Amino acid sequence: MVYTTAILLSLIGYFVIGHLAGRRVKHLDDYLVAGRNAPTFLILGTLVASYLSTSAFLGETGFAYSGYPFVMLIFASVSTSGCLLGALAFGRYLRRSGALTVPEFFGKRFASRHVQVIAGLTTVFGLGAYLLGVMQGAGIMFEELTGLPYWVGLVLVWLTYTGFILYSGSPGVVLTDTVMFVIFSLAALGGSLYIINDLGGWHGVLEGLMSQSDKPGIALWHGVVRGSDASFASPGESLTWGLTLGLVWAAVLAASPWQASRYLMARNEHVVMRSAMFTAVALAVFYALMMMTGAAINLYKPDLDAEHAMVWSALNVLPTWLGIVILTGVFAAGLSSCSTFLSIIGFSLSNDILPPSRDEKTAMRTSRLAVLAAGLIALVLALFQPPAVMAVVWFAATLFASSWGPVALMSIWSRRITAAGAGWGLVVGFVGNLLLSLADQAGWISLPVYLHPVVISTVAALVAILVASRMTRVSQSERDYLAFLHQDDESLEAGWMTGSRWVAVCTMLSGIGIGVFLWNQYAETLAGLAGRFAIPDSSVWGAYALAVGCGGMLFIAGAAGYWVVRARKPAMTAARSMES
């Protein structure tokens, strides 16, 4: 009963917060991009909340429970670098464009409504699948915690986030996302520390995992590679999977509509860079703690359904008050993603696909109707489609890595890409990935780890871009708009630059701190256990390499941010000197 009450109160709380935020919505700009005035903390909150959904707390933590906590850390060390590098290479230019949606940016960049519509269609279909996955995750949690039917949870979740989006739009999404970010961050931190300390700290967890026989190798960097239940046949496959999918999700963090669109709401470009650096740190800490926690749950009960491991631990291991925080936090993560995805789908329908509205009032009404229609379709599909949270979410995310990733980066850094190239790149990357993934799931084809459907479709998208651009010409409008995007924003004051440099320094120090922590707590502990459990030298050295890699990627991302911010000051100073 106590868990049911907590979940219902949280739903009411988010609904009220969303509606309070709606009082500030006066114009279309307010509704779609929060007036372009969101500070760093709100952008940080919505970035993390948009990324970490029920897939992260249930699916990815469940994958760690299944035997692959440190493979997920390899994945995370690569993918989280996409936060800052994506902001530097794409996000700040997107903010500079003044577009209302990311597909609209593509339309402006290539002077083509056709490209904008294609990007809008991929947004609607791709995020529709993503929304379906996170809604099902929230419904599953509601059913397990309250004992009420699955469909009741889906309907209540849908009513909550659809209700405040219809009224408040982006301000409601950003504010509730940030509140949810605070709650599930505290939940992840508190729950992880409790479980790890209860089992004797990192040393106790690692020793226990090495002693158990149900999942041999779970404590090693490559995870379980023996037995019929192993996901990978060798350490090399584990490493290839972690690096490949890490790069895929780095592209997702850099250019996907639910991440990149957050930058359109930022107060200025420095807020974009600061929030991206803080997001990289937050995600790195989350994965370092939660993946170890997922594996540690095996020491309590090794035969759980993997995606339910975190929920089981909250109900059976943690104190009641902490279990409530954990479960409402996980529930909040799912709810925040639902609100983000539905808002983007609705905005893209009204702004990028349907014919342009005559006036602002009509445009806002069209946006609300689009949100309502998209939400109803998602609800119906979630009610009748069998749940598969991690599979659906990861499938949907890779669609954007192969289609949006190449086009987004080339739209900023290539002078030769044309509207035709962008359009064909979006179509080939999206449809190619979709078809290959469905064929792989159906068993019609069998692809090795290094030829994941997203890899093949990304290469195909690049070829399509190059061929189509070669056969067409860049228009003068496209040249002019690209030149506009690369003009420095001289309205940014030196104080913003100083603050951003300090954030970059903190990011680098965080990278060093995470690397030292993993070196001492994981690699050194594993080396100390090597004699007792006959751990191969390659596995010990792999643990040290993991520590260096996880910390090093974050350090490099912070260093890149510092270099970019520092390089802007001389350029702006020179520009002012020329004017005077």
Side-chain angles (χ1 to χ4, degrees), residues 27-34 36 50 90-91 93-131 165-166 169-170 173 252 255-265 339-375 377-378 396 399-400 403-408 410-412 417-431 434 461 477-478 481 485:
H27 305 286
L28 185 64
D29 221 40
D30 299 327
Y31 189 72
L32 295 183
V33 289
R36 302 188 198 280
S50 299
F90 180 63
Y93 300 98
L94 178 64
R95 171 62 179 81
R96 194 175 299 181
S97 72
L100 293 172
T101 63
V102 186
E104 183 182 312
F105 163 77
F106 289 137
K108 286 184 172 184
R109 166 63 180 86
F110 298 106
S112 171
R113 175 72 182 177
H114 182 66
V115 173
Q116 182 176 345
V117 171
I118 292 174
L121 289 171
T122 59
T123 297
V124 170
F125 286 108
L127 281 191
Y130 209 135
L131 175 61
I165 292 172
L166 284 174
S170 288
V173 172
V252 169
S256 65
W258 67 93
Q259 292 294 119
S261 63
R262 310 297 90 183
Y263 299 136
L264 293 171
M265 307 175 195
S339 63
T340 297
F341 299 150
L342 179 59
S343 65
I344 295 172
I345 291 170
F347 298 165
S348 200
L349 273 171
S350 61
N351 190 69
D352 305 316
I353 298 173
L354 297 176
S357 301
R358 296 186 303 274
D359 54 66
E360 192 173 82
K361 185 176 180 181
T362 304
M364 288 185 66
R365 183 171 63 250
T366 303
S367 291
R368 288 187 166 110
L369 289 173
V371 166
L372 180 60
I377 293 172
L399 295 175
F400 293 101
S403 59
W404 282 47
V407 174
M410 293 181 74
S411 70
I412 303 299
I417 184 173
T418 65
W424 279 107
L426 290 169
V427 171
V428 171
F430 192 91
V431 175
L434 175 65
S477 298
E478 292 173 88
Y481 200 80
L485 290 176

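A quick note: this is a predicted structure, and the numbers were derived from the prediction, not measured.
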Test item: [X] and [Y] side chains (from C-beta on) under 4.5 Å apart, heavy atoms:
{"X": "Phe430", "Y": "Ile118", "answer": "no"}
{"X": "Phe106", "Y": "Ser411", "answer": "yes"}
{"X": "Arg262", "Y": "Ile344", "answer": "yes"}
{"X": "Phe400", "Y": "Leu127", "answer": "yes"}
{"X": "Ser97", "Y": "Tyr481", "answer": "yes"}
{"X": "Ile353", "Y": "Gln116", "answer": "no"}
{"X": "Thr123", "Y": "Asp352", "answer": "no"}
{"X": "Leu434", "Y": "Phe125", "answer": "no"}

Closest heavy-atom contact between [X] and [Y]?
{"X": "Asn351", "Y": "Arg113", "value": "O-NH1, 3.5 Å"}
{"X": "Ile345", "Y": "Ala374", "value": "CG2-CB, 3.6 Å"}
{"X": "Leu131", "Y": "Ala378", "value": "CD2-CB, 3.5 Å"}
{"X": "Ala370", "Y": "Leu349", "value": "CB-CB, 3.8 Å"}
{"X": "Gly423", "Y": "Val115", "value": "N-CG2, 4.2 Å"}
{"X": "Gly405", "Y": "Ala255", "value": "CA-CB, 4.3 Å"}

For the atom pair [atom1] ([X]) and [atom2] ([Y]), what is the distance rounded to the nearest 0.5 Å?
{"X": "Phe347", "Y": "Ser170", "atom1": "CZ", "atom2": "OG", "answer": "4.0 Å"}
{"X": "His114", "Y": "Leu426", "atom1": "NE2", "atom2": "CG", "answer": "9.5 Å"}
{"X": "Ser477", "Y": "Arg109", "atom1": "OG", "atom2": "CZ", "answer": "11.0 Å"}

TODO: For the pair Phe90 and Phe105, name the ring-plane relationship: parallel under 30°, tilted 30 to 60°, perpendicular over 60°.
DONE: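 The arrangement is perpendicular - the two ring planes meet at more than 60°.
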### Task
Look only at the side chain of Glu478 and the backbone of Ala111, and say whether a donor-acceptor pair between them is shorter than 3.5 Å.
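Not a single qualifying donor-acceptor pair exists.
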Checklist entry - Taking the side chain from Thr122 and the backbone from Ala119, do they hold a donor-acceptor pair closer than 3.5 Å? => result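 Checked: pair present.
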TODO: Apply side chain to side chain contact (heavy atoms under 4.5 Å, CB included) to the pair Phe110 and Ile417, showing each step before the final yes or no.
DONE: CA-CA 9 Å; Phe110 298 106; Ile417 184 173; 3.8 Å; yes
Discussion item. Walk me through whether Leu100 and Arg36 qualify under side chain to side chain contact (heavy atoms under 4.5 Å, CB included).
Written reply: CA-CA 10 Å; Leu100 293 172; Arg36 302 188 198 280; 3.6 Å; yes
Is the count of non-hydrogen atoms from other residues, nucleotides or ligands lying under 6.0 Å from Trp424 atom CH2 greater than 12?
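Counting other residues, nucleotides and ligands, CH2 of Trp424 stays at 12 neighbours or fewer.
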